[in-house]
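Remarks on the structure that follows.
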Amino acid sequence: MRLYAVVAAGGFRRYATYRVATAAGVFTNTVFGFIMAYTYIALWDERPQLGGYDLSQAVTYVWLGQALLMTCAMMGGGFEDELIERIRTGDIAIDLYRPADLQLWWLAGDLGRAAFHLLGRGVVPLLLGALAFDLALPASPLPWLAFLTAVLLGVVVSFALRYLAALSAFWLMDGAGVLQITWLAGLFFSGMLLPLTLFPGALGELARLLPWSSLLQIPADVLLGKRTGWGLVHAYAFQVGWAAALLGAGRLVQSAATRRVVVQGG
């Protein structure tokens with residue numbers, strides 16, 4: 001486990017070196033936060049309590065979305081392109097023969113990336129949002145701990161989805177199309193555009209059952225107090241279930257890809 005802790009720390013340091021990009025990202029997240037916040041205010045003025053949120057909770061949801069956009073890589077920006085390139089060039093064969101688990105290696109690096117983006121690109125926009133608007137942020141540390149746990153599980157689910165998409169390059173030689181579909185689904189079904197509680201009928205039920213809801217909708221509801229007691233346990237169980245299923249699927253695809261590399265190499 002020490003190896004993977006070192007990889008995670010390396011992932012954090014790697015993204016911490018891009019200071020100008022981080023500053024630009026903070027600016028972009030803040031600008032879009034204000035745009036979406038005023039859009040939500042106009043919408044909630046017409047429809048108070050829409051989706052089960054009051055105005056303060058709805059605006060808080062906006063800023064949480066900006067804080068978690070890069071943390072949970074809803075628009076990509078993680079390891080995917082690098083992994084696809086290594087598959088395309090054949091360098092992945094070296095990785096498969098290393099005395100380290102391929103999936104855990106990339107997961108550790110992605111956790112480091114997520115930790116940096118949460119601190120580097122998430123905290124400042126949320127604080128600026130709290131200065132400009134009346135956000136429904138808890139004063140007790142326990143909801144924040146519950147929220148951070150949900151965020152961690154959401155990052156793992158996000159990784160598992162992107163890992164599966166990247167592994168498609170073993171057969172397609174270019175996983176860009178699969179990644180783009182994954183990112184679009186992530187933006188829509190995570191609740192980034194609108195809370196999933198606003199989705200009507202069967203679409204809303206389906207959206208809340210898909211793994212992407214773990215990326216934003218569940219962590220936001222945890223912090224906003226919508227998931228407490230057994231509801232919180234159910235939320236965690238939902239995230240853990242999807243993480244286990246997707247990571248398991250990733251291992252199966254990885255094993256099939258390893259056999260493919262061995263056969264071609266032989």
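Atoms considered below: every heavy atom in the structure, side chains included; atoms not considered: hydrogens, waters and symmetry mates.
Side-chain contact of Gln217 with Arg208: a donor-acceptor pair under 3.5 Å is absent, judged by distance alone. No side-chain N or O of Ser56 forms a donor-acceptor pair with one of Asp54 less than 3.5 Å apart.
A heavy-atom distance below 4.5 Å is not found between the side chains of Gln66 and Thr30. Residues Leu68 and Leu215 fail the side-chain proximity criterion, which asks for heavy atoms closer than 4.5 Å. Side chains of Val156 and Leu247 form a contact here, defined as non-hydrogen atoms less than 4.5 Å apart. A heavy-atom distance below 4.5 Å is found between the side chains of Thr197 and Tyr53. Leu153 has its side chain out of reach of Trp242: every pair of non-hydrogen atoms, C-beta onward, lies at least 4.5 Å apart. Tyr163 has its side chain within reach of Gln254: a pair of non-hydrogen atoms, C-beta onward, lies under 4.5 Å apart. Residues Leu126 and Leu135 are in side-chain contact: their nearest non-hydrogen atoms beyond the backbone lie under 4.5 Å apart. Between Gln239 and Thr149, every side-chain heavy-atom pair lies at or beyond the 4.5 Å cut-off.
For the atom pair CZ of Phe199 and CG of Leu193, the computed distance is 7.0 Å after rounding to the nearest 0.5 Å. Put simply, CZ on Phe188 and CG on Leu203 are 5.5 Å apart, with the number rounded to the nearest 0.5 Å. For the atom pair Ile218 CD1 and Arg227 CZ, the distance stands at 5.0 Å (nearest 0.5 Å). Note that CZ of Arg121 and CZ of Phe27 are 12.5 Å apart. Values are rounded to the nearest 0.5 Å. In this structure, Gln103 CD and Ser255 OG are separated by 9.5 Å, a value rounded to the nearest 0.5 Å. Between atom CZ of residue Arg88 and atom CZ of residue Arg86 there is a gap of 12.0 Å, rounded to the nearest 0.5 Å.
A donor-acceptor pair under 3.5 Å links the side-chain atoms of Trp144 to the main chain of Pro138, judged by distance alone. Checking side-chain atoms of Thr182 against main-chain N and O of Val178 turns up a donor-acceptor pair under 3.5 Å. Here the side chain of Thr228 pairs no donor or acceptor atom with the backbone of Gly225 at under 3.5 angstrom. Of the possible polar contacts, none joining the Arg113 side chain to the Ala108 backbone as a donor-acceptor pair under 3.5 Å is found. The main-chain N or O of Ala146 is found under 3.5 Å from a side-chain atom of Tyr236 such that the two form a donor-acceptor pair.
Cluster annotation: Leu252 and Ile92 are assigned to distinct hydrophobic clusters (Ile/Leu/Val/Met/Phe/Trp/Tyr, side-chain heavy-atom contacts under 4.5 Å, transitive). Residues Phe147 and Leu127 fall into different hydrophobic clusters, defined by Ile, Leu, Val, Met, Phe, Trp and Tyr side chains chained together at heavy-atom separations under 4.5 Å. Put simply, Ile87 and Trp171 are part of the same group of oily side chains (I, L, V, M, F, W, Y) that touch within less than 4.5 Å, one to the next. Residue Leu64 is grouped with residue Val157 when hydrophobic side chains (ILVMFWY) are merged at heavy-atom distances under 4.5 angstrom, including chains of intermediate members. Hydrophobic clustering places Leu164 together with Phe159 (ILVMFWY residues linked when any side-chain heavy atoms are closer than 4.5 Å, directly or through intermediates).
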Could you go through Leu152 and Leu111, starting from their C-alpha distance and side-chain angles, then the distance that decides it, and tell me whether this counts as side-chain contact (heavy atoms from CB on, under 4.5 Å)? CA-CA 8 Å; Leu152 173 61; Leu111 289 174; 3.9 Å; yes
After noting the C-alpha distance and the side-chain angles of Val62 and Thr39, does the key distance pass the side-chain contact (heavy atoms from CB on, under 4.5 Å) rule? CA-CA 10 Å; Val62 168; Thr39 302; over 6 Å; no
Do Tyr15 and Met70 pass the side-chain contact (heavy atoms from CB on, under 4.5 Å) test, and can you show the C-alpha distance, the side-chain angles, and the key distance before you say yes or no? CA-CA 12 Å; Tyr15 284 89; Met70 289 301 296; over 6 Å; no
Give the intermediate values and the outcome of side-chain contact (heavy atoms from CB on, under 4.5 Å) for residues Leu69 and Met75. CA-CA 7 Å; Leu69 177 63; Met75 295 181 65; 3.9 Å; yes
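What you find for Pro219 and Val151 is that their closest heavy atoms are CB-CG2, 4.0 Å. Closest approach of Ala207 and Ser213 over heavy atoms only: O-CB, 3.8 Å. In this structure, Leu210 and Phe238 approach most closely via the heavy-atom pair O-CZ, 3.6 Å. Smallest separation of non-hydrogen atoms from Thr60 and Ala136: OG1-N, 2.7 Å. For the pair Met74 and Ser190, the tightest heavy-atom approach, listed with the atom from each and the gap, is SD-OG, 3.2 Å. Contact record, Ala114 with Val155: CB-CG1, 3.7 Å, taken as the closest heavy-atom pair.
Between Tyr40 and Trp44, the two ring planes are parallel [angle under 30°; tilted spans 30° to 60°].
Within a 6.0 Å radius of CZ in Phe34, other residues, nucleotides and ligands contribute more than 12 heavy atoms.
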